[in-house]
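Have a look at the structure below, then the notes.
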Amino acid sequence: MTHSQDTGLDPLEVAIRVAKEAGALLMDYLSRPLHTAQKSRRADLVTDADRASEKLIIDRLRAAFPQSTIIGEESGTHCGDPEECWYVDPLDGTTNFTHGYPMFCVSIAYERRGELEAGVIYAPFYDELFCATKGQGATLNGKPLRVSMVEKLGEGLTCTGFHPADFERNGRYFRIMSSHAQAVRRDGSAALDLAAVAAGRFDGFWEFDLHAWDVAAGALIVREAGGRVSAADGAPFEVSGKSILASNGLIHAPMQAVLASMP
Ligand code: IPD
Ligand code: CA
Ligand code: CA
């Protein structure tokens with residue numbers, strides 16, 4: 001792990017501290033009336049909690065890593081060194097959050113020279129902290145994480161999510177995966193879906209048209225927990241790519257084949 005050139009700080013330690021602080025802020029917002037607005041569509045929401053969480057995270061990251069680029073969902077790109085980039089989802093699972101459904105989290109990832117080096121996902125309702133550092137494994141609340149050992153797609157619990165404008169296309173994938181996997185879930189937080197693959201709770205996950213802030217931390221955590229991450233067609237995963245397929249590795253090829261069988 002490369003520490004900040006300016007401050008000597010460890011990105012993972014900073015991300016953990018900041019994610020926990022933002023998580024506490026979200027829990028505080030959860031207990032009071034929320035101001036909610038639509039972004040592009042009915043199921044694409046932003047609340048004052050998203051904005052306050054993002055401001056807190058960006059202020060803290062900026063103070064610790066003044067030279068970095070920071071890309072946040074709500075405020076866009078804060079320019080800095082292009083070789084050192086933070087991806088911030090201040091509240092992943094906003095629709096869940098607005099209904100008090102507790103599957104929501106903060107997701108923060110650190111990338112250096114195009115390589116994801118640190119990832120943190122914090123689910124404050126459950127007080128679950130998923131972390132990974134490149135090459136050093138993944139943990140959940142300090143305990144080592146490992147993907148599941150399920151070998152057959154027919155015995156696998158899989159998960160997906162829907163872009164607010166993509167119920168048709170992914171609806172078809174949902175249907176065909178449902179007839180091959182043991183079951184398919186839709187839980188409403190891509191970052192927590194990936195964390196669940198890393199923890200062996202889900203055996204596989206796919207989704208289309210996510211953003212780097214949704215997947216960067218989770219992709220590293222899955223890999224460091226022994227899983228596999230690619231694009232839906234098996235091509236190498238890219239944080240800003242159009243799709244993601246993450247699994248325990250053992251059911252990756254069968255999931256890919258099912259997705260490929262759908263025109
Ligand atoms: C959304 C969630 C959801 C996924 C959507 C994302 P947000 O993020 O991760 O699970 O299906 O595509 O946009 O808006 O709650 O941060
Ligand atoms: Ca998100
Ligand atoms: Ca978000």
Side-chain angles (χ1 to χ4, degrees), residues 18-19 22-23 25-27 29-30 34-58 61 70-77 86-109 119-125 130 158-174 177 184-198 201-202 204-222 229 231-232 239-246:
V18 173
L25 177 145
L26 293 179
M27 290 306 289
Y29 270 91
L30 196 62
L34 270 181
H35 181 262
T36 305
Q38 270 184 33
K39 290 205 276 189
S40 59
R41 298 185 163 72
R42 189 163 39 88
D44 188 10
L45 304 175
V46 61
T47 69
D48 37 9
D50 297 71
R51 294 200 179 97
S53 174
E54 178 145 327
K55 182 173 181 336
L56 181 152
I57 295 168
I58 287 175
L61 293 180
I70 308 173
I71 300 178
E73 177 176 8
E74 308 304 339
S75 60
T77 301
W86 292 88
Y87 297 107
V88 174
D89 194 334
L91 168 48
D92 187 53
T94 297
T95 306
N96 289 345
F97 184 83
T98 62
H99 291 267
Y101 181 58
M103 298 302 289
F104 61 85
C105 66
V106 176
S107 177
I108 302 176
V120 170
I121 293 172
Y122 181 54
F125 187 91
F130 301 85
T158 63
C159 180
T160 189
F162 294 80
H163 184 275
D166 180 25
F167 302 119
E168 272 309 311
R169 180 177 63 149
N170 205 33
R172 294 198 300 276
Y173 287 110
F174 189 99
M177 192 65 77
V184 185
R185 300 287 180 252
R186 193 284 196 246
D187 230 353
S189 162
L192 283 181
D193 296 339
L194 287 163
V197 172
R201 297 170 182 173
F202 289 140
F205 165 75
W206 83 95
E207 190 164 341
F208 299 95
D209 298 322
L210 288 167
H211 296 277
W213 50 76
D214 296 307
V215 294
L220 180 67
I221 293 169
V222 169
V229 183
V239 278
S240 299
K242 296 298 283 176
S243 67
I244 183 167
L245 171 59

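Start at 1 and go down the list; that is how both ligands and their atoms are numbered.
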Test of understanding: given a 4.0 Å heavy-atom threshold, classify the contact between D209 and ligand 1 as side chain, backbone, both, or neither.
neither

Considering only heavy atoms, does E73 approach ligand 1 within less than 4.0 Å through its side chain, its backbone, both, or neither?
side chain

Closer than 4.0 Å to some heavy atom of L210 - which atoms of ligand 1 meet that?
12 (O)

Taking every non-hydrogen atom, the tightest pair across A216 and V239
CB-CG1, 3.9 Å

Can you list the atoms of ligand 1 that are under 4.0 Å from a heavy atom of S189?
9 (O), 10 (O)

Would you mind listing which atoms of ligand 1 come within a distance below 4.0 Å of any non-hydrogen atom of G161?
11 (O)

Hey, are D92 and S107 close enough side-chain-wise for a donor-acceptor pair under 3.5 Å?
no

Within D89, is some N, O or S atom less than 3.0 Å away from the Ca ion (ligand 3)?
yes

Check each heavy atom of M103 against ligand 1 and say whether those closer than 4.0 Å belong to the side chain, the backbone, both or neither.
neither

Under 4.0 Å from a heavy atom of G93: which atoms of ligand 1 are those, numbered in the order shown and with their elements?
7 (P), 15 (O), 16 (O)

Using a 4.0 Å cutoff against the non-hydrogen atoms of A190, which atoms of ligand 1 qualify?
2 (C), 9 (O), 10 (O)

Below 3.5 Å, N or O to N or O, backbone or side chain included: is there any such pair between D92 and ligand 1?
yes

Any non-hydrogen side-chain atom of K242 less than 4.5 Å from a side-chain atom of F208?
no

Tell me which N, O or S atom from D92 is the closest to the Ca ion (ligand 2).
OD1

Do L245 and W206 come within less than 4.5 Å of each other through their side chains, counting heavy atoms only?
yes

Passes side-chain hydrogen bond (donor to acceptor under 3.5 Å, both in side chains), N170 versus T160? Steps please.
CA-CA 9 Å; N170 205 33; T160 189; 3.0 Å; yes

Nearest non-hydrogen atom to atom 10 (O) of ligand 1 belongs to which of P90, G188, G218, A191?
G188

Option passing side chain to side chain contact (heavy atoms under 4.5 Å, CB included) with F130 (candidates L194, L192, V222)
L192

Taking the N/O/S atoms of D214 one by one, which is nearest to the Ca ion (ligand 2)?
OD1

Can you tell me if N96 uses its side chain to pair, donor with acceptor, with the backbone of F104 under 3.5 Å?
no

Using atom types as modelled and distance alone, determine if a side-chain donor or acceptor of E74 lies under 3.5 Å from a backbone N or O of E54.
no

Is T95 in polar range of ligand 1, meaning some N or O pair under 3.5 Å apart?
no

Using the Ca ion (ligand 3) as the apex, give the angle to atoms O (L91) and OE1 (E73), rounded to 10 degrees.
170°

Given that the side chain starts at C-beta and the backbone is N, CA, C, O, which of these parts of F162 lies under 4.0 Å from ligand 1, counting heavy atoms, or is it both or neither?
backbone

If you measure from the Lys or Arg side-chain nitrogens to the Asp or Glu carboxylate oxygens, is any gap between D209 and R169 under 4.0 Å?
yes

Could an N or O of ligand 1 be found under 3.5 Å from any N or O of H163, whether backbone or side chain?
no

Which atoms of ligand 1 are found less than 4.0 Å from any heavy atom of D89?
16 (O)

Does ligand 1 have any atom sitting under 4.0 Å from a heavy atom of L91?
yes

Just how far is it from atom CG of D193 to atom CZ of F205, taken to the nearest 0.5 Å?
4.5 Å

Sub-3.5 Å donor-acceptor pair from the side chain of R186 to the main-chain atoms of F162, do we have one?
yes

Going by the 4.0 angstrom heavy-atom rule, the piece of D214 near ligand 1 is side chain

Polar contact flag, side-chain donor to acceptor under 3.5 angstrom, D50-Y29
no

